[in-house]
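For clarity, every value in this text was computed on a predicted model and none was experimentally measured. Index from 1, following the sequence.
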Amino acid sequence: MEHSKLFQDYDCIVIGGGHAGCEAAAAAANLGSRVLLITMNLAQLAQMSCNPSIGGIAKGQIVREIDALGGFTGIVSDKSMIQFRMLNMSKGPAMWSPRAQNDRMLFSMYWREVLESIQNLDFLQDQVVDLIIEEGKLKGIITEMGYSIYSQTVILTAGTFLNGRIHIGTKKFEGGRMGDRASNPLTQHLASLGIKSGRLKTGTSPRIDGRSIDFSKLAIQPGDDPPGGFSFLEIPKEFVQRPCYLAYTNSATHKILEKGFEFSPMFSGTISGRGPRYCPSIEDKLYRFSSKESHQLFLEPDGRTTIEYYISGFSSSLPDEIQISALRQIEGLENVKFFRPGYAIEYDFFHPEQLDTCLQSKIVENLFFAGQVNGTTGYEEAAAQGLIAGINAHMKSYKLPAFQLKRSEAYIGVLIDDLVTKNIEEPYRMFTSRAEFRTLLRQDNADYRLTPRAFSIGLASKERMNLFENKYKRIAELTGIVKNLIILPEAKVNQHLTDIGSVALEKQISFESLLLRPQVGLRSIIPFLEFQLAEPDRAIFRASSSEVIDEVEILIKYNSYIAKELEVAGRINRFEDLKIPINFEYKALQSLSLEAREKLQKYRPLTIGQASRIDGVSPSDISVLIVYMDNH
């Protein structure tokens with residue numbers, strides 16, 4: 001195949017400019033690779049194709065991990081933010097999850113600024129139609145414009161564009177998302193190489209005109225004051241937060257929606273792909289929860305100044321006239337107007353058990369997959385995969401050790417391990433319940449877990465590492481004060497304890513013991529203790545950020561839980577990394593159960609840890625493998 005004379009040879013080519021593609025391109029290029037990012041529309045980089053928000057339950061933890069590793073989703077989100085909320089604050093800190101509303105257009109604009117600032121990152125607006133395979137290895141790509149471009153690695157991040165088909169009632173047409181054409185040639189070529197694909201479905205909600213909403217009839221949902229953020233860097237937040245609003249469907253809404261069921265592509269069989277169970281369409285909600293009288297909706301602004309609103313909770317592929325008629329039965333939306341209706345999109349994905357934990361194909365060397373092509377749903381899951389694929393594509397190009405995260409190290413580790421060891425039959429979404437060690441994997445300590453590792457490979461900046469070191473120096477100083485201070489039963493202290501529903505002190509007590517009381521918060525009690533502190537200690541408290549104070553409180557209050565999870569994680573990790581040869585013949589190991597042999601032969605795990613999480617592989621099967629691998 002003749003090289004295109006217009007292009008140099010690259011270390012990494014990234015196909016697709018969505019959330020996965022942007023993180024992949026940035027990571028590989030910032031590590032020193034020569035990178036080419038190819039997308040069909042450079043004006044649509046990192047588009048928020050669905051809701052205009054970042055984070056949420058477990059997803060917020062992922063974004064903080066991306067940031068701790070030196071990725072950009074958190075930074076871009078903080079810069080384009082229009083509202084911030086920390087979810088689940090009534091629960092323990094393992095469940096706290098940051099979430100932001102974003103300006104959709106600013107989010108894309110800031111991502112483009114990030115990418116264009118990276119010197120060794122090139123761009124091409126084109127479509128990839130074929131891959132260059134030589135001697136069984138991927139060597140490059142061929143584009144629609146006829147360019148043959150060579151590269152040591154390629155990362156496929158095509159999102160919902162591969163054979164994408166949009167559905168609105170009985171209307172259906174090709175498209176990667178509304179307004180963008182689909183990409184059709186690649187799936188067939190990958191199938192010819194032995195890579196197994198399937199079909200999945202996702203959907204999005206209507207966008208409506210804010211001028212047609214009667215907000216006086218809706219419940220307001222403001223952001224946190226002051227707003228938090230995702231990045232561990234100091235990103236200025238100079239914006240006025242915009243509120244979201246709550247609305248509710250009713251029986252009249254449901255009756256109209258049910259009239260459209262006969263035209264629904266989901267019920268008629270027009271759509272063959274499985275949709276996300278945990279983010280169902282409004283028609284799916286009515287079908288599955290028929291006894292429920294109403295469903296909550298969130299009206300989310302699309303930007304800082306726009307009148308456009310997104311209706312979270314009303315994803316639909318019903319006919320557009322059904323959608324608008326049903327919405328007009330909702331209080332506050334009686335005169336609502338569309339910007340565009342909701343729709344479903346069906347697309348190709350590739351079964352991720354065909355990947356290793358670096359997200360490289362086990363079938364075609366040098367080919368990596370990231371994002372929705374791996375069967376996931378959500379910007380955050382896609383961005384995380386893009387980051388890991390970008391790092392490992394660079395490592396592969398320069399013959400450096402692979403970069404992998406364990407389940408006990410990061411939600412990103414849980415995500416990737418789940419993908420490569422479990423059979424994906426519906427779009428995968430991250431939840432806190434998927435993580436065995438969620439007390440360790442809190443959003444507040446993502447930098448502690450991951451920034452030193454990212455710095456060691458050259459991805460996290462010196463500025464980020466300095467901030468990390470200063471923060472944890474402050475935490476150590478403050479923890480030392482708390483552990484060594486004795487609190488006397490003074491009147492001011494006892495009055496505060498009584499006011500917050502705790503028991504007054506009858507004798508002196510250690511500050512650490514006092515802080516273990518569920519009602520006592522470190523930030524709130526400090527003003528009542530200052531007179532018992534030496535001046536140097538008071539100065540340390542005054543100089544400590546709220547982030548540092550909260551971290552110290554968490555480490556003290558939850559010390560026993562953290563210690564227990566660390567012990568369990570250490571016990572599991574003893575065998576987690578015990579290697580299994582990629583071509584190991586499980587069928588020959590008769591001590592394994594028949595089901596285990598079949599499943600292990602299919603998924604071909606690379607470690608004992610991966611093998612232990614495959615459905616149908618029992619603890620006794622794992623014991624057999626451990627004994628065999630130890631002996632051989």
Query raised in the report: Can you name the residues that form a salt bridge (Lys or Arg N to Asp or Glu O under 4.0 Å) with Glu116, not counting sequence neighbours?
Result: Arg112
Query raised in the report: By salt bridge (Lys or Arg N to Asp or Glu O under 4.0 Å), which residues pair with Glu23, not counting sequence neighbours?
Result: none
Requested in this report: Return yes if a side-chain donor-acceptor contact under 3.5 Å exists between Asp78 and Ser231, otherwise no.
Outcome: no
Requested in this report: State whether a side-chain donor-acceptor pair under 3.5 Å links Gln372 with Thr160.
Outcome: no
Query raised in the report: Does atom CD of Gln188 have more than 12 heavy-atom neighbours from other groups under 6.0 Å away?
Result: no
Do [X] and [Y] come within less than 4.5 Å of each other through their side chains, counting heavy atoms only?
X: Phe72; Y: Ile66; value: no
X: Cys50; Y: Tyr379; value: yes
X: Thr39; Y: Leu42; value: yes

Query raised in the report: Name the one of Glu283, Lys201, Glu346 that satisfies side-chain hydrogen bond (donor to acceptor under 3.5 Å, both in side chains) with Ser317?
Result: Glu283
Report task. Determine the sole option in Thr357, Asn392, Asp417 for which the side-chain hydrogen bond (donor to acceptor under 3.5 Å, both in side chains) test with Gln404 is passed. Result -> Thr357
Query raised in the report: Do the numbers put Arg613 on top of the ring of Tyr603, so that NZ or CZ is under 6.0 Å from the six-membered ring centre and no more than 45° off the axis?
Result: no
Query raised in the report: Using 30° and 60° as the class limits, which term best fits the ring planes of Tyr147 and Phe7: parallel, tilted or perpendicular?
Result: perpendicular
Report task. Kindly state whether the ring of Phe584 and the ring of Tyr586 have centres lying under 6.0 angstrom apart. Result -> yes
Query raised in the report: Would Thr376 and Gln385 satisfy side chain to side chain donor-acceptor pair (under 3.5 Å), going step by step from the backbone distance to the final call?
Result: CA-CA 10 Å; Thr376 60; Gln385 293 171 71; 3.0 Å; yes
Requested in this report: With side chain to side chain donor-acceptor pair (under 3.5 Å) as the test, would you mind laying out the steps for Gln127 and Ser183 before giving the verdict?
Outcome: CA-CA 7 Å; Gln127 179 181 187; Ser183 177; 2.8 Å; yes
Query - Set of residues satisfying side-chain contact (heavy atoms from CB on, under 4.5 Å) with respect to Ser397, sequence neighbours excluded - result: Asp11, Gln152, Thr153
Query raised in the report: Which residue, Val128, Leu131, Ile142, forms the side chain to side chain contact (heavy atoms under 4.5 Å, CB included) with His189?
Result: Leu131
Report task. Apply side chain to side chain donor-acceptor pair (under 3.5 Å) to the pair Asp103 and Ser80, showing each step before the final yes or no. Result -> CA-CA 5 Å; Asp103 185 305; Ser80 61; over 6 Å; no
**Report entry** Donor-acceptor under 3.5 Å (Glu381 side chain, Met430 main chain)
**Finding:** yes
